[in-house]
*Asks:* 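Please find one structure pasted underneath; my questions will follow.
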Amino acid sequence: MEWAETTKIIKTVKRFAGKEIRAVRYSTDGRHTSYKWRYDNASKMLRIKTEGEELALSEEEVEGRFESDFWRMMPFVFLREEKERALAVRMVERLMMAGDIDWVIDDCRIDFLRSCHHCGRLIDEGWWCSEMWVFCSKECLRAANPFLSKEEEERMEETDGGIEWMEWGERH
C-alpha cells in the first residue's frame, strides 16, 4: 500500500468502525512508529494505541496532532472473511480475463505487482526484459521471444544488456 495522509486513514478507520486497523506512521522528523486504530461509533472518537499510550481523540484532534504525517496501513485489515477473499479472487480473475489487470495495476499505482507479459500470472518478482516486458519465468521469457538464442539471453543477463531479475514486492 502507498503512503496516505492522515485524513485518508481517518476515513478508512471510520469505514471499518469497531475493527482494529494497524498502521505505520512516518513523521516529518523521519521516525516510523506503529499504531493500532479503532473508531468507536458510540462516542464518535478515534481510539489510537502505541507503545503503552492509548488516546481517544476526535477527528479534528487527530488531524491537528498528525497533520503533516503520512501513514501506511497494514493490508491484512481488509478481506478478513473468507467470502470477501473469494469475491476479491473472482474480481481479479475477471479483470485478468478481460485483459484489464495491467490497466488497474498502472492506474492504481500498485508498485509491488506486475503481470507476466506471456501467461498473465500475477507476480511481485520476475524477469524484466528490455525495460518494457515482465515475465514470471525463463520459460515465459523464451516463449515470448523465440528469436532470442540462449547465448544472446545469457549475454544480455551478464552485461546489463536488458534482462534482469527484479523484485517489486512488499514482503508481508
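Atoms considered below: every heavy atom in the structure, side chains included; atoms not considered: hydrogens, waters and symmetry mates. Sequence positions, counted from 1, serve as the residue numbers for this chain.
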*Asks:* Side chains of K44 and Y39, heavy atoms from C-beta outward: is any pair under 4.5 Å?
*Replies:*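 Side-chain contact under 4.5 Å: yes.
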*Asks:* For R38, check salt bridge (charged side-chain N to carboxylate O under 4.0 Å, His left out) against everything at least two apart and list the hits.
*Replies:*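 By the salt bridge (charged side-chain N to carboxylate O under 4.0 Å, His left out) rule, R38 matches no residue at all.
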*Asks:* Please list, chain by chain and in numerical order, all residues satisfying side chain to side chain contact (heavy atoms under 4.5 Å, CB included) with D106, sequence neighbours excluded.
*Replies:* none
*Asks:* My understanding is that only residues two or more places apart in sequence, or in another chain, count here; which of them pass side-chain hydrogen bond (donor to acceptor under 3.5 Å, both in side chains) with N145?
*Replies:* none
*Asks:* Nearest 0.5 Å, please: how far is CG in L46 from CD in E59?
*Replies:*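 So the gap between those two atoms works out to 6.5 Å.
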*Asks:* Looking at D124, I123, D102, I101, which one forms a side-chain contact (heavy atoms from CB on, under 4.5 Å) with R114?
*Replies:* I123
*Asks:* Could you give the distance from CD (E154) to CG (L148), rounded to the nearest 0.5 Å?
*Replies:* 10.0 Å
*Asks:* Report, one line per pair, each donor and acceptor closer than 3.5 Å where one atom sits in a side chain of residues 86-94; sequence neighbours left out.
*Replies:*
none

*Asks:* With sequence neighbours left out, write down each residue that passes salt bridge (charged side-chain N to carboxylate O under 4.0 Å, His left out) with D40, or none if nothing qualifies.
*Replies:* R47
*Asks:* To check you understand the geometry: which heavy-atom pair defines the closest contact between L113 and I105, and what is its length?
*Replies:* O-CG2, 3.3 Å
*Asks:* Return the set of residues passing side chain to side chain contact (heavy atoms under 4.5 Å, CB included) with E61 (not counting sequence neighbours), or none when no residue passes.
*Replies:*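 With neighbours one apart ignored, the set is M45, L57, S58.
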*Asks:* Just to verify, what does Y35 make a ring-ring contact (aromatic ring centres under 6.0 Å, His included) with, not counting sequence neighbours?
*Replies:* F66, W71
*Asks:* Mind checking salt bridge (charged side-chain N to carboxylate O under 4.0 Å, His left out) for E53 and listing every partner two or more places apart, or none if nothing turns up?
*Replies:* R65
*Asks:* What's the spacing between W3 CH2 and D69 CG if we round to 0.5 Å?
*Replies:*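 If we round to the nearest 0.5 Å, W3:CH2 and D69:CG are 10.0 Å apart.
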*Asks:* If the condition is salt bridge (charged side-chain N to carboxylate O under 4.0 Å, His left out), which residues does R121 pass it with, not counting sequence neighbours?
*Replies:*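 Per chain and number, R121 pairs via salt bridge (charged side-chain N to carboxylate O under 4.0 Å, His left out) with no residue.
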*Asks:* Where is the tightest heavy-atom contact between C136 and C116, given as atom of each residue plus distance?
*Replies:* N-SG, 3.4 Å
*Asks:* If you measure from CG on L95 to CE on M97, what distance do you get to the nearest 0.5 Å?
*Replies:*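 L95 atom CG to M97 atom CE measures 9.5 Å (nearest 0.5 Å).
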*Asks:* Taking S115 for its side chain and G120 for its backbone only, find out whether a donor-acceptor pair lies under 3.5 Å.
*Replies:* no
*Asks:* Grab the two heavy atoms, one from V13 and one from W37, that are nearest each other, plus how far apart they are.
*Replies:* CG2-CB, 3.7 Å
*Asks:* Tell me whether W165 shares a hydrophobic cluster with I163, the cluster being built from Ile, Leu, Val, Met, Phe, Trp, Tyr side chains joined at under 4.5 Å.
*Replies:* yes
*Asks:* Can you name the ring-ring contact (aromatic ring centres under 6.0 Å, His included) partners of H117, sequence neighbours left out?
*Replies:* W133, F135
*Asks:* Return the minimal non-hydrogen interatomic distance between P146 and A143, and the atom names on each side.
*Replies:* CD-O, 3.7 Å
*Asks:* Pair E63, T7 - check side chain to side chain contact (heavy atoms under 4.5 Å, CB included), show working.
*Replies:* CA-CA 7 Å; E63 287 173 0; T7 53; 3.8 Å; yes
*Asks:* Go through the structure and list residues passing side chain to side chain contact (heavy atoms under 4.5 Å, CB included) with K11, not counting sequence neighbours.
*Replies:*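 Scan of K11 (side chain to side chain contact (heavy atoms under 4.5 Å, CB included), adjacent residues dropped) gives none.
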*Asks:* Salt bridge (charged side-chain N to carboxylate O under 4.0 Å, His left out): which pairs involve residues 136-148, sequence neighbours left out?
*Replies:*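 Sorted result for residues 136-148: K138-E153, K138-E157, R142-E153.
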*Asks:* Test I9 against V62 for side chain to side chain contact (heavy atoms under 4.5 Å, CB included), laying out the working first.
*Replies:* CA-CA 10 Å; I9 195 168; V62 171; over 6 Å; no
*Asks:* Regarding R155 and E152, does a basic nitrogen lie under 4.0 Å from an acidic carboxylate oxygen?
*Replies:*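 Looking at R155 and E152, the cut-off is met.
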